[in-house]
Amino acid sequence: MNVRLLLPLLGITLAWAFGQNRLYGPITTHLRAGDVAPDFTFTKVLNAPGSIPWNTSNLSGHLTILVSYPDTSHNLQSVTLWNALVEQFADKPVQFVWITGEEESTLLPWLNQHPVKGWVFHDPSGHSSQSYGLAL
């Protein structure tokens, strides 16, 4: 199948599968094609694919799949599905970004046992999620 057809379907499927509306409430911002993507706000990079340091230019020229979970450690099934998607698109120009706001005291030990693939950012304030239209 054509990758151009599959990637939009992947984005819609991820939004449905990860249930963003339940976690953050109603969508308050509506980004459209061609809009400048809001910056990510985070306190730490918890995982980076490969040895590339984070820079906003890392996303240039790539489709970016973004998911935001305020409570990562209670979502092992979602992490497992996420990691499978990251593996499936490893040879494609797709960036995967997981943003979590969970307290470090519970998150970091859990991540040591259950790594999340792709970019993983720690955003305890929830600013990144809110800038993409998700209300806490």
Side-chain angles (χ1 to χ4, degrees):
M1 280 187 121
N2 190 341
V3 173
R4 289 183 192 180
L5 175 64
L6 287 177
L7 292 178
L9 291 175
L10 174 65
I12 292 168
T13 302
L14 284 174
W16 173 80
F18 290 105
Q20 294 300 304
N21 204 22
R22 288 183 297 170
L23 296 174
Y24 288 97
I27 295 174
T28 57
T29 302
H30 297 279
L31 297 174
R32 293 189 175 100
D35 287 352
V36 175
D39 288 333
F40 297 135
T41 304
F42 55 89
T43 57
K44 282 185 182 177
V45 175
L46 301 174
N47 189 56
S51 60
I52 302 167
W54 171 253
N55 186 317
T56 53
S57 66
N58 292 79
L59 301 176
S60 181
H62 292 87
L63 173 68
T64 301
I65 306 298
L66 171 70
V67 69
S68 184
Y69 263 91
D71 182 9
T72 298
S73 67
H74 292 98
N75 289 291
L76 180 58
Q77 183 178 9
S78 295
V79 169
T80 302
L81 291 169
W82 177 263
N83 286 341
L85 282 171
V86 173
E87 289 286 326
Q88 184 179 353
F89 288 89
D91 59 339
K92 306 282 189 249
V94 180
Q95 296 282 343
F96 288 86
V97 177
W98 182 284
I99 300 175
T100 184
E102 186 171 345
E103 293 289 326
E104 287 187 66
S105 60
T106 56
L107 176 65
L108 297 179
W110 190 86
L111 285 176
N112 283 332
Q113 300 223 347
H114 309 282
V116 178
K117 296 183 179 186
W119 291 102
V120 181
F121 299 137
H122 189 235
D123 177 21
S125 66
H127 287 293
S128 289
S129 302
Q130 291 170 348
S131 69
Y132 278 84
L134 304 172
L136 291 174

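The chain is numbered in sequence order, starting from 1.
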Any luck finding a side-chain donor-acceptor pair between S73 and N75 under 3.5 Å?
-> no
Is it the case that the side chain of [X] and the backbone of [Y] share a donor-acceptor pair, with hydrogens and angles ignored and the cut-off at 3.5 Å?
X: W82; Y: K117; answer: yes
X: H122; Y: E103; answer: no
X: N47; Y: V120; answer: no

Let me see the working for S125 and D123 under side chain to side chain contact (heavy atoms under 4.5 Å, CB included), right down to the final yes or no.
-> CA-CA 5 Å; S125 66; D123 177 21; 2.9 Å; yes
Please state whether the rings of F121 and F42 are parallel, tilted or perpendicular, taking 30° and 60° as the class boundaries.
-> parallel
Rounded to the nearest 0.5 Å, how far apart are CZ of F89 and CG of L63?
-> 8.5 Å
Looking at CZ of F96 and CG of L66, how far apart are the two atoms once the value is rounded to the nearest 0.5 Å?
->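 Reported to 0.5 Å precision, the distance equals 11.5 Å.
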Specify the closest pair of heavy atoms between [X] and [Y], including all atoms of both residues, with the distance to one decimal.
X: P124; Y: T43; result: CD-OG1, 3.7 Å
X: T100; Y: P70; result: OG1-O, 4.0 Å
X: T106; Y: P109; result: O-CD, 3.6 Å

Count the heavy atoms of every other residue, nucleotide or ligand shown that sit under 6.0 Å from NE2 of H74, and state whether that count exceeds 12.
-> no
Any non-hydrogen side-chain atom of [X] less than 4.5 Å from a side-chain atom of [Y]?
X: L108; Y: L46; result: yes
X: I99; Y: Y69; result: no
X: L85; Y: L81; result: no

Would you check, one step at a time, whether the test side chain to side chain contact (heavy atoms under 4.5 Å, CB included) holds for W98 with T72?
-> CA-CA 9 Å; W98 182 284; T72 298; 3.1 Å; yes
